[in-house]
Amino acid sequence: MTAAFMHCCPSVRLSNGLSIPALGLGTSHNGGYSHEAVVYALQECGIRHIDTAKRYGCEEALARSLSESRVPREDIWITTKLWPGDYGYQSAKEACRASAARLGVESLDLYLMHWPDCMIPGRSNREVRAETWRALEDLYDEGLCHAIGVSNFLIPHLKELKEDCGVVPHVNQVEFHPFQQPWELVEYCRKEGIAFEGYCPLAKGQALTHPLILELAKKYSCSASQICIRWSIQNGVITIPKSTKAQRISENCQVFGFQLEDKDMAALRALHDGRHVSWDPTHVE
């Protein structure tokens with residue numbers, strides 16, 4: 001399946017000209033980290049996009065998996081994230097270098113500010129976000145990060161960053177699934193040249209039992225998870241499902257041999273009910 005997946009998996013072009021694979025593998029501390037699953041994803045499934053974060057605590061484990069896979073470093077897109085505890089100019093730069101060291105790489109393909117709330121007493125979120133972003137801009141200029149972005153940022157956060165800084169984020173990674181479809185944010189990002197990346201595409205399993213999604217899975221002779229991932233990618237969203245099971249990872253990759261009809265895309269779009277299955281940044285100033 002490796003060659004077929006690599007041939008079929010589209011990529012999304014970032015504003016700086018780099019291309020990121022539209023389908024990646026998310027890793028996390030939730031549910032544990034599976035070395036075998038990551039190696040399988042890289043070797044057998046042809047996955048070439050891995051998403052992690054300092055907060056997940058698995059960067060060093062991921063380094064071992066990347067090494068064992070024997071996939072050339074230049075063929076893998078690696079994203080990791082900066083946690084608010086390391087926000088601020090100097091600490092952000094140090095945290096980035098520490099993440100790269102834990103991952104066993106000389107540079108990161110994408111480095112994201114993980115959350116818009118900075119949690120630093122006595123300083124406004126806007127001030128700290130701007131200072132931290134300037135550190136990421138410098139890391140980008142130095143070549144330590146090939147692209148920089150944010151995660152869980154809403155339109156007001158992005159507008160402030162645009163006013164305060166020079167480089168527009170290349171990516172915004174946000175919760176996106178049939179029940180959580182922030183289209184106003186998606187359209188704003190596209191207008192500003194920010195690639196939109198979605199996590200939790202299966203709504204942490206909640207989407208897998210919905211009657212419409214099960215009905216579509218039957219219609220297209222595939223699984224409910226494949227319907228959700230295909231729908232996300234077909235919406236032009238970079239999609240990063242998480243799994244620690246080889247069979248599920250293989251299944252999640254097999255989403256390029258079919259296309260959802262327009263009426264089915266519309267039916268799935270109508271499932272939005274605003275629920276979050278992960279962090280909700282709505283009230284972050």
Side-chain angles (χ1 to χ4, degrees), residues 10-24 26 28 49-56 77-84 87 92 96 108-118 125-126 128-130 132-137 139-140 145-177 179-201 203 232-242 272 274 276-285:
S11 59
V12 173
R13 191 173 175 85
L14 304 183
S15 61
N16 65 355
L18 297 182
S19 292
I20 178 173
L23 180 64
S28 172
H49 173 185
I50 303 288
D51 182 275
T52 192
K54 177 189 176 180
R55 184 172 185 268
Y56 304 159
W77 182 282
I78 299 173
T79 298
T80 192
K81 308 178 194 78
L82 174 73
W83 188 241
Y87 283 3
C96 179
L108 302 169
D109 295 289
L110 177 61
Y111 197 45
L112 304 177
M113 289 179 64
H114 205 155
W115 182 247
D117 194 351
C118 303
N125 282 335
R126 178 172 186 167
V128 177
R129 283 195 296 261
T132 304
W133 186 250
R134 282 192 285 274
L136 267 65
E137 290 178 330
L139 291 163
Y140 175 59
C145 305
H146 300 160
I148 51 176
V150 295
S151 184
N152 302 296
F153 276 44
L154 303 180
I155 293 173
H157 308 136
L158 294 169
K159 283 183 173 177
E160 288 179 357
L161 211 57
K162 184 180 179 182
E163 291 173 9
D164 296 340
C165 302
V167 178
V168 173
H170 299 117
V171 172
N172 186 18
Q173 185 185 116
V174 179
E175 181 179 343
F176 185 85
H177 48 75
F179 310 128
Q180 176 56 228
Q181 303 179 41
W183 289 111
E184 188 179 354
L185 176 60
V186 172
E187 294 309 318
Y188 176 84
C189 287
R190 288 178 177 162
K191 179 172 67 73
E192 296 295 330
I194 303 167
F196 191 89
E197 184 170 19
Y199 66 81
C200 291
S232 180
I233 289 172
Q234 205 166 310
N235 274 308
V237 173
I238 303 161
T239 305
I240 45 170
K242 290 177 184 174
H272 173 77
H276 282 275
V277 299
S278 187
W279 310 330
D280 180 1
T282 305
H283 302 295
V284 177
E285 293 182 356

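Heavy-atom basis, side chains included; hydrogens, waters and symmetry copies ignored.
The structure places CG of L112 at 6.0 Å from NZ of K81, a figure rounded to the nearest 0.5 Å. To the nearest 0.5 angstrom, N172 atom CG is 10.5 Å from H157 atom NE2. Note: T132 OG1 to L161 CG = 9.5 Å, rounded to the nearest 0.5 Å. Within the model, atoms NE2 of H276 and NE2 of H177 stand 7.5 Å from one another, a figure rounded to the nearest 0.5 Å. To the nearest 0.5 Å, the span separating CH2 on W133 from SG on C165 amounts to 8.0 Å. Separating the CD atom in E137 from the CD1 atom in I148 is a distance of 5.5 Å, to the nearest 0.5 Å.
Scored by the side-chain hydrogen bond (donor to acceptor under 3.5 Å, both in side chains) test, S151 finds no partners at all (sequence neighbours excluded). For D109, the salt bridge (Lys or Arg N to Asp or Glu O under 4.0 Å) partners two or more places apart in sequence, or in a different chain, are R73. Judged as a ring pair (Phe, Tyr, Trp, His ring centres under 6.0 Å), and not counting sequence neighbours, Y199 has no contacts. Qualifying side-chain hydrogen bond (donor to acceptor under 3.5 Å, both in side chains) partners for W83, counting only residues two or more places apart in sequence or in other chains: none. With sequence neighbours excluded, the residues forming a side-chain contact (heavy atoms from CB on, under 4.5 Å) with D164 are R126, A130, E160, listed by chain and number. Partners of Q234 according to the side-chain contact (heavy atoms from CB on, under 4.5 Å) rule, which considers only residues two or more places apart in sequence or in another chain, are R230, Q259, L260, M265. For the ring pair (Phe, Tyr, Trp, His ring centres under 6.0 Å) test, no residue two or more places apart in sequence or in another chain qualifies with H146. S232 pairs by the side-chain contact (heavy atoms from CB on, under 4.5 Å) definition with F176, V237, T239, not counting sequence neighbours. Listed by chain and number, the residues in a side-chain hydrogen bond (donor to acceptor under 3.5 Å, both in side chains) with W77 are T79 (sequence neighbours excluded). Taking A22 as the reference, P10, V12 meet the side-chain contact (heavy atoms from CB on, under 4.5 Å) condition, with sequence neighbours excluded. Scored by the side-chain hydrogen bond (donor to acceptor under 3.5 Å, both in side chains) test, H170 finds no partners at all (sequence neighbours excluded).
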Pair up each side-chain donor or acceptor in residues 184-192 with any protein partner under 3.5 Å, not counting sequence neighbours, and list the distances.
residue, atom, partner, partner atom, Å
R190, NH2, N235, O, 2.6
E192, OE1, K162, NZ, 2.9
E192, OE2, K162, NZ, 3.3

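Of all heavy-atom pairs spanning L139 and C96, the tightest one is CD1-CB, 3.6 Å. In terms of heavy atoms, A53 sits closest to T80 at CA-OG1, 3.3 Å.
H114 contributes no side-chain N or O that, together with a main-chain N or O of L82, makes up a donor-acceptor pair within less than 3.5 Å. In this structure, the side chain of Q180 does not engage the main chain of E175 through any donor-acceptor pair within 3.5 Å.
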- request: Walk me through it: do D51 and Q173 pass the test side-chain hydrogen bond (donor to acceptor under 3.5 Å, both in side chains)?
  value: CA-CA 11 Å; D51 182 275; Q173 185 185 116; 2.9 Å; yes

Stepwise side-chain contact (heavy atoms from CB on, under 4.5 Å) check, R129 with F153: CA-CA 11 Å; R129 283 195 296 261; F153 276 44; 3.6 Å; yes

- request: Would you check, one step at a time, whether the test side-chain contact (heavy atoms from CB on, under 4.5 Å) holds for I194 with S15?
  value: CA-CA 7 Å; I194 303 167; S15 61; over 6 Å; no

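Side-chain atoms of D117 and E285, non-hydrogen and from C-beta on, never get closer than 4.5 Å to each other. Residues I20 and H49 form a side-chain contact, since some pair of their non-hydrogen atoms from C-beta on lies under 4.5 Å apart. Using a 4.5 Å cut-off on side-chain heavy atoms (C-beta onward), C145 and L110 make no contact.
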